[in-house]
Amino acid sequence: MDKSIDPKIERIRERLEDRGFDVDDAERGISVLLDSDGVAYGGMLDFYTLKNDDTQIRARLRKKVEDPDISCEELEDRTLHAPYDLAFFENVIREGLQGVAKIGRFHYYGCNDETHYYYARVELAGEPPEEILRKRLAKKALEQLGGIDSKTFRQELDTLGLPRSSIVRLAMTRIFRSASDTTELVNAAASEAGRIVNAEEWKTLRQLMNENKVPFLSNILYILWDQVSRYYMKKAWETLHG
């Protein structure tokens, strides 16, 4: 991942990747592949900050000209009156960015190098409530883990009746070992989420959340459950959007 990308663009990237979109680095931003089974016309969507004002974000849709033998000038009038499946892409991307950014209506800009260009303004929403909650829980978890050593952590997992071979137990142990700061804790939970793959493991994790009597485990359990939910939501979007 390109560390030079503006944090505002990173928020857009993270949400789209969570929704299953294919995202790559691009100049001053990111590019998103817009293709799906059954869709007649594909395209690329760029999100970037303006060179002369990095507080502003733009979205640029690039769509290849269907018939290269027809000039851009001939296609411009046709495109203005029948802009392909533009409404489909607008709806998909708006749904994907819900809660993170608002994207305006795309306006046709012109044709160059056998490509049509459309532009739209993008406005970031405030930090999503779920992200604020996640950071607060991670901070609280670190405070609760202060002074807890590996032996104590292991003993408390024993009191919960978790077998040493339990996938959920192993996940919690790895999160505990990675909890050097809030970011590492959340990243570790996200990494473990993909290992919790069957209904029995989900049931175990949910049951622990409801019945846990170990105070310093409560926030780790919630963060892990949250990341498991995000992981499988992303998988569902990947299936939906091809």
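One is the number of the first residue; the rest follow in order along the sequence.
A 4.5 Å side-chain heavy-atom check between Leu137 and Asp226 finds every atom pair outside the cut-off. Side-chain contact between Ile223 and Ile220 is absent, with no heavy atoms from C-beta onward closer than 4.5 Å. Put simply, the side chain of Leu160 reaches to within 4.5 Å of the side chain of Leu217, judged on heavy atoms. Counting heavy atoms from C-beta outward, Gln227 and Glu192 have side chains that stay 4.5 Å or more apart.
Although no hydrogens or angles enter the test, the distance criterion places a donor-acceptor pair under 3.5 Å between the side chain of Ser218 and the main chain of Pro215. In terms of modelled atom types and a separation under 3.5 Å, the side chain of Ser191 and the main chain of Asn187 share no donor-acceptor contact. Between the side chain of Arg28 and the backbone N or O of Tyr48 there is no donor-acceptor pair closer than 3.5 Å.
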Exercise for the section: Test Asn210 against Gln207 for side-chain hydrogen bond (donor to acceptor under 3.5 Å, both in side chains), laying out the working first. Expected result: CA-CA 5 Å; Asn210 294 331; Gln207 185 175 350; over 6 Å; no
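Qualifying salt bridge (Lys or Arg N to Asp or Glu O under 4.0 Å) partners for Arg58, counting only residues two or more places apart in sequence or in other chains: none.
Each of Thr204, Val197, Leu205 was scored for a side chain to side chain contact (heavy atoms under 4.5 Å, CB included) with Glu201, with one residue passing: Val197. For the side-chain hydrogen bond (donor to acceptor under 3.5 Å, both in side chains) with Asn219, the lone residue among Lys140, Arg136, Gln144 that qualifies is Gln144.
Ring geometry, Phe176 versus Phe153: the interplanar angle falls under 30°, so the pair is classed parallel (tilted spans 30 to 60°).
Note: Tyr118 and His107 fail the aromatic proximity criterion, with ring centroids not under 6.0 Å apart.
Leu124 and Ile9 fall within the same hydrophobic cluster, defined by Ile, Leu, Val, Met, Phe, Trp and Tyr side-chain heavy atoms under 4.5 Å apart, directly or through other members.
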